[in-house]
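Since we're looking at a predicted model, the values are computed, not measured. Sequence lines set the chain letters: A, B, ... in the order given, protein chains first and strands last, and positions in each chain run from 1.
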Amino acid sequence: GVTDTAGPEGGPVPVKLQLQWFTQAQFAGYYAAVEQGYYADAGLDVTILEGGTDIVPQTVLAQGQADFAIAWVPKALASREQGAGITDVAQVFQRSGTRQVSFKDRNITTAADLKGKKVGNWGFGNEFELFAGMTKAGIDPGKDVTLVQQQFDMQALLNGDIDAAQAMNYNEYAQVLEAVNPDTGKLYTPDDFSTISWEDEGTAMYQDAIWANTEKLSSDAAYQDTTVKFVEASLRGWAYCRDEAEACRDIVVAKGSKLGASHQLWQMNEVNRLIWPAEGGAGMIDQAAWDQTVSIAQDTRNAEGQTVLTKAPEGEAFTNEYVSQALENLKDDGVDVTGESYSPETVTLAEGGA
Amino acid sequence: MTDQSVAAVSLTGVDKTFDAGRAGAVTALSGIDLAVAPGEFVSLIGPSGCGKSTLMRLVADLERPSAGTISVFGKSAHQARLDQDYGIAFQAAGLLPWRSVRANVELPLQVHGMGRAGRAARADELLELVGLAEFAGHRPDQLSGGMQQRVAIARALAERPRLLLMDEPFGALDEMTRERMQGELVRLSTQTGCAVIFVTHSIPEAVYLSDRVVVMSPRPGRISAVVPIELSDRNEDTREEPGFFAAVTAVREALRARASVELS
Amino acid sequence: MTDQSVAAVSLTGVDKTFDAGRAGAVTALSGIDLAVAPGEFVSLIGPSGCGKSTLMRLVADLERPSAGTISVFGKSAHQARLDQDYGIAFQAAGLLPWRSVRANVELPLQVHGMGRAGRAARADELLELVGLAEFAGHRPDQLSGGMQQRVAIARALAERPRLLLMDEPFGALDEMTRERMQGELVRLSTQTGCAVIFVTHSIPEAVYLSDRVVVMSPRPGRISAVVPIELSDRNEDTREEPGFFAAVTAVREALRARASVELS
Amino acid sequence: MTIVLATRRILTPVLAGVLLLVFWQLVVDLRDIPGYLLPSPEAIGTQVRQNFSDILTASRASGTNALVGLLAGIALAVAAAVVAVWVPPVERLLTPLASAVSAMPIVALAPVLSIMFSATSDLPRRIVVAIVAFFPVFVTTVRGLTRIEQVHAELMRSYAVGGWTLTRLVRLPGAVPYLFTGIRVAASLAVISAVVAEYFGGLQNGLGSRITSAAANTAYARAWAYVVAAIGLGLVFYLAALAAERLASRGRVPIS
Amino acid sequence: MVRLRSVLYGGAALAVILLLWEGYKLVGSPQGWSVNEVRLLPRADDSSMPHVWTVAERFTQPEISAEGSSSVLVAVLRAAWFSFRISLAGWLGGVLVGVALAVLMQRFRTARDALLPYVVISQTVPLVAIAPVVVGWGGQLAVLGQPWQPWMSVAVISGYLAFFPVAVGMLRGLDSPGPAQIALMQAYAASWWQTLVRLRLPASVGHLVPALRLAAAASVIGTIVAEISTGTRGGIGRLIIEYAQAATGDPARPWTAIAGAAALGLVVAALVSALDLALARFNPAGA
Ligand SMILES: Nc1ncnc2c1ncn2[C@@H]1O[C@H](COP(=O)(O)OP(=O)(O)OP(=O)(O)O)[C@@H](O)[C@H]1O
Ligand SMILES: Nc1ncnc2c1ncn2[C@@H]1O[C@H](COP(=O)(O)OP(=O)(O)OP(=O)(O)O)[C@@H](O)[C@H]1O
Ligand SMILES: Cc1ncc(C[n+]2csc(CCO)c2C)c(N)n1
Ligand SMILES: [Mg+2]
Ligand SMILES: [Mg+2]
């Protein structure tokens, strides 16, 4: 355990946060909290660990090599089922950011239209909203569509190799809009595409959340305290990024993201839309949305006929205890934690995201 | 068929120097003049390291002379090699370890496009000749040293060449086998009229086989004497003839003469 | 030092059969009984493929007999090898191509832990003995066949063993060099009192060198005769002695006798 | 005797494997290692049984890609090596090229090949396998072809043959042990390459897709069940390479 | 001399490739060439196969839009240097382990029977299964009092890929001395160790050198893949995946990183060639 060694003589408490991917605006709130000194003010010395293709954040957390981890809820629940003692302590993304994109002329506007098509799919556990959507529309994902492994880029869609591609609103969708349409010589526009949003189709699942170590939460008072402080400072960071999107873009770019500035600004903006407005306060876990995530995870079968979960999560899979405290503290400090007045900006993407 | 007026082999003013890297240069041959007539049997004899193998390799166009000219049947050594004017047996047997004894003998025939049946027949004949018929299916490393050498001899004879180059081919053979092989070689060369350059360390062997024995001396390798051998005919009794003993003595003297000069 | 009552080498009822895969089994040796006394010089002679090399390799514990027992200085052949009771020269020179001539000669000394200076001194001495002092820095493939063989002889002598096993060591040497090496070998074996088993195809050589000549016959390899040699002393004139000629004739007869039986 | 030897050769690795599995199972059981860290052999076995038919289907898909790629890679490599040794400038051109290409990881190659060819066909994966298999075979074969014994070279020179005849009769047989060292390496790498290439495009029909999909959901026992299939496939390829080697070197100096 | 010539040939090889590339772009169809729906010749359009000069131009541009960003070339070179050092560590480790294993397997028949299949198996296990174990367990170790560094995990994985060709090739090489040479050492009652040092090791060089070459390539690949797999930043691997993510809008970008990987492979191969020259004396039969 890393936090056992509390800071010497009241010095800052060292904390490690494991991300699920490389530095990008998807994680801007945490970087902002570091840069703006929010963690330091809370007495935390936070080290951010970047992800990799084979790094499973919740495993790193459960093994005690990190104190907190950012992970998608269904994937983290699957690890829980395998014995990883972790708890969702703040549901940062309130909405799902996954959509299925296709060229307009393919006439794919609902999940049902995917039947008989070549459908791009990441795998990596990011496919269940897609599968749930298709199942709900009466399509057997194992038989009625041709599943194609999707890469890091969207060329397969633009080349016409596949009919519909998975995309994160904040990332791959932007990539498409940063590409030049050879017919016009200009960038593609949203009008060129149809998209299926899983939020709209009702098969959305909870994504990025802050996970903590269950056992230490129940036994280690110092860790409980640290958790509140960490969630609080992180949400403060997210609130900052909501209000200062350009500044957060600059922070992420300065941290070494190789995707360009306009791309990161787009991403910042889209991520903000997944967080804000947050009716019950940022990071609060909504039982209904949680239940929808769990039920899809239990019932939806992927191409191999597997479900994410074999049974309902046991024990304390999530708790609002810490995030509530954090929100109280933030409200006391006058931080807007619901972002009711938030309205997204319009970001203009440059070619290649530059 | 063969133009009798053209020498089978002719070397004029041939020098050969090896560059042995850090160990310096070695003059292996110097000022070699030698002509071998078609059908003539010439033996090379001389102390170890005097350049006999080198001379043979020059004729075979496996080394290039540092100076001088070499012609084989009136052509350059290079052309003669391309035309397959000679058969060769090396000092080391040099069998291909992954081929059976038979396949080793067949190699030159195969290389030059003889059909399967013809090859097999010829190989049988040759293995019979060298007394290894029953070892046709063995691998080279299952043979004794002398047996390997006999395979190499069979291989050299395979194509009935009009020039045979043989480097100590009988070195690892016992006296009896050796004498039998000598007899076969004499018969072969007179029958086919092929010229032979034959390297040996055995004076009686050189005398028995040759029309002329070329005696060489080392460092640098030179021809120190050429002993013509005048024997009526080669047969079982030849080795008992007085002319034979005389010739042996002559060659021995030629070898000693040179050696004593050297030692003084 | 050496216990004179124990034989240097003793073979009793030794058989050796090789399994040659699809080509069938070969009986290389059958019913071999032979004892070599300490300091005794024994030559093996016989037609190609009769099992001479195999016999030597059995004594050296490089092959195991199919039947019979072998003892060397009263121990098992295996123990004798471990105790380094013999030095050996193979039929093929078997030099390590990546080592210089000098380093090849030093190999056994190095393996047995002699220091650098001692090795160098001994190698110089041995290369001088075989007349290759100036080729110490050459690589084996830069030497003539006879020179390579001399390097292998030097290597076999390096450790002054009390048993020397030599398989046609002088096969590729010219007569002069050969006679010089024979002289050296005789001197060496009498001086150091080492026993020698010596394979050769040369009857005069066997007679000149040996206390006894063992004549072998092939398929399966057997000892067909043992000819004791009674010569007073070995020197330049030995080869002219009547006793020498008598012995040569005796060995030749023994070889022929067997061969004629075989041919009939 | 040969039977004893053969059983020993088979029994020893099997025994070693069983020991390893028992040790693994004991570690997981005794130290109570949770499934999200390391699944037990028992759990993996259960998954193998449960998914057996899908494992076979996926293995067939990956195996076919690996096989086609491997054969193409070997054929190209041997041809290239022969030409390279024949025409020295070609060797000097090809060697740096092959070195450069060989250092490109699948992660880099597969995406661009997918873009260049098609994200929905198996061709890019097979090209990846062929590229991966090419290098070991090329490098070792070139080495084997050039290490020809001097007597043998001279013998063939004396026959006034070079080029293809020399290659066929002396160089290639002499290079066989080297060639097969390369093929052994290539055969094992072919399977893993085919599997890994699946992460980066193409149809989701092979072992690679199954492994990642299971691993992403912490279904490690299931992931390992497919990994076991990949290992089995790799072994089959390796043993096939060994068998081919035996066949090619019948009657030669025995090989290890 | 030799070095200059090999550099020239390397350049010529590059030129040939670039010419083929551009030549194909001239004649090839943007849709490639398909038989039965299977595209056998690649698409020649600019987004699938960008022009050589487009890629070259990318190298000169700033890497990211931020102020003071270095050029892509500098970024690629820096990343290549980072990966090079890790590859070297992985290569060295892999060679040591590979040689040790080969020696062990050569020495003990049982070790060979028991290990060889697993040496092979080790290479068929996908990195997904290995990387987390290395990162997880490595993280709990300290090396010489230093805490575990992320690059060490990468180096371990790199070595894991590199040891394989060495183990296989070296074993072959150790087995290569002929019966005559082995008999010689036997006759000297040379110990196993002496036979190894005086005979088997020098004789194995012919097989070892190509194995070292393969190991070099494997270590580079291992480094790059492990960088991606473990999320280690600073190297070519990270660039490859980050530039790949940018490929949609900027198809030439990933080629810069791929070129970097190729260059890295070349440099490592050249180093092995230098080693080859140094070992040439053990290789007299080699041309
Ligand atoms: N490894 C082996 N496998 C099969 N047969 C073998 C092997 N070694 C030797 N032989 C056979 O044993 C017999 C005796 O061989 P050996 O080498 O002892 O003969 P040799 O008397 O030394 O002959 P040479 O004078 O020609 O050297 C031969 O017929 C040979 O074919
Ligand atoms: N490739 C080479 N490099 C350097 N020197 C060489 C080479 N080949 C032969 N020599 C040298 O040339 C000289 C003559 O060698 P050659 O092989 O012709 O002798 P030889 O008369 O055949 O001797 P032997 O009777 O011992 O076979 C020797 O001193 C030898 O060292
Ligand atoms: C190995 C690997 N490849 C692709 C993705 C794709 N992906 C899906 S969600 C996400 C994060 C937001 O962009 C990314 C990159 C992944 N996760 N892991
Ligand atoms: Mg010679
Ligand atoms: Mg013999």
Chi angles and distances behind the side chain to side chain contact (heavy atoms under 4.5 Å, CB included) call for Asp45(E), Met116(D): CA-CA 9 Å; Asp45(E) 63 314; Met116(D) 286 165 65; over 6 Å; no
Nearest-0.5 Å distance that lies between atom CZ in Arg184(D) and atom CG in Leu171(E): 7.5 Å
Considering all heavy atoms, the nearest Tyr9(E)-Leu93(D) contact: O-CD2, 3.6 Å
Top of Pro42(E), Gly260(E), Gly11(E) for chain D proximity - count of heavy-atom pairs under 4.5 angstrom: Pro42(E)
Winner by heavy-atom pair count (cut-off under 4.5 Å) against chain E, out of Val132(D), Leu123(D), Val14(D), Ile127(D): Leu123(D)
Side chain, backbone, both or neither of Tyr118(E) within contact of chain D (heavy atoms, under 4.5 Å): side chain
Engaged part of Ala244(E) at the chain D interface, taking heavy atoms whose separation is under 4.5 Å: neither
Part of Leu40(E) lying under 4.5 Å from any heavy atom of chain D: both
Main-chain N/O of Pro177(D) paired to Arg172(E) side chain as donor or acceptor, under 3.5 Å: yes
Under 3.5 Å: donor-acceptor pair, side chain of Arg43(E), backbone of Phe117(D): yes
Leading residue by heavy atom contact count with chain E [cutoff under 4.5 Å; candidates Thr181(D), Val228(D), Thr212(D)]: Thr181(D)
Residue part contacting chain D, namely of Ser47(E), when any heavy atom lies under 4.5 Å: backbone
Between OH on residue Tyr238(D) and OG1 on residue Thr124(E), distance to nearest 0.5 Å: 12.0 Å
Nearest heavy-atom neighbours spanning Ser118(D) and Arg39(E): CB-NH1, 3.4 Å
Rounded distance (nearest 0.5 Å) linking atom CD1 of Ile231(D) with atom CD of Gln123(E): 11.5 Å
From Leu116(E) atom CG to Thr12(D) atom OG1, the distance as rounded to the nearest 0.5 Å: 12.0 Å
Max heavy-atom pair count under 4.5 Å with chain E, selected residue of Phe180(D), Phe135(D), Phe237(D): Phe135(D)
Spacing of CG belonging to Leu113(D) relative to OG belonging to Ser48(E), to within rounding of 0.5 Å: 11.0 Å
Side chain, backbone, both or neither of Val101(D) within contact of chain E (heavy atoms, under 4.5 Å): neither
Tyr178(D) (side chain) donor-acceptor with Pro210(E) (main chain) under 3.5 angstrom: no
Residue among Gly234(D), Pro89(D), Pro111(D) with most heavy-atom pairs under 4.5 Å to chain E: Pro89(D)
Reported OG1-to-CG distance for the pair Thr110(E) and Leu11(D), which is rounded to 0.5 angstrom: 12.0 Å
Heavy-atom pair count under 4.5 Å with chain D, highest-scoring of Val168(E), Leu264(E), Val16(E), Val120(E): Val120(E)
Closest non-hydrogen atom pair between Val195(D) and Pro126(E), with its separation: CG1-CG, 4.3 Å
Minimum-distance pair of heavy atoms, taken over all atoms of Ala13(E) and Leu97(D): CB-CG, 4.0 Å
Nearest atoms (heavy-atom pairs only) where Leu235(D) meets Pro117(E): CD2-O, 4.2 Å
Considering all heavy atoms, the nearest Pro96(D)-Gly10(E) contact: CG-CA, 4.0 Å
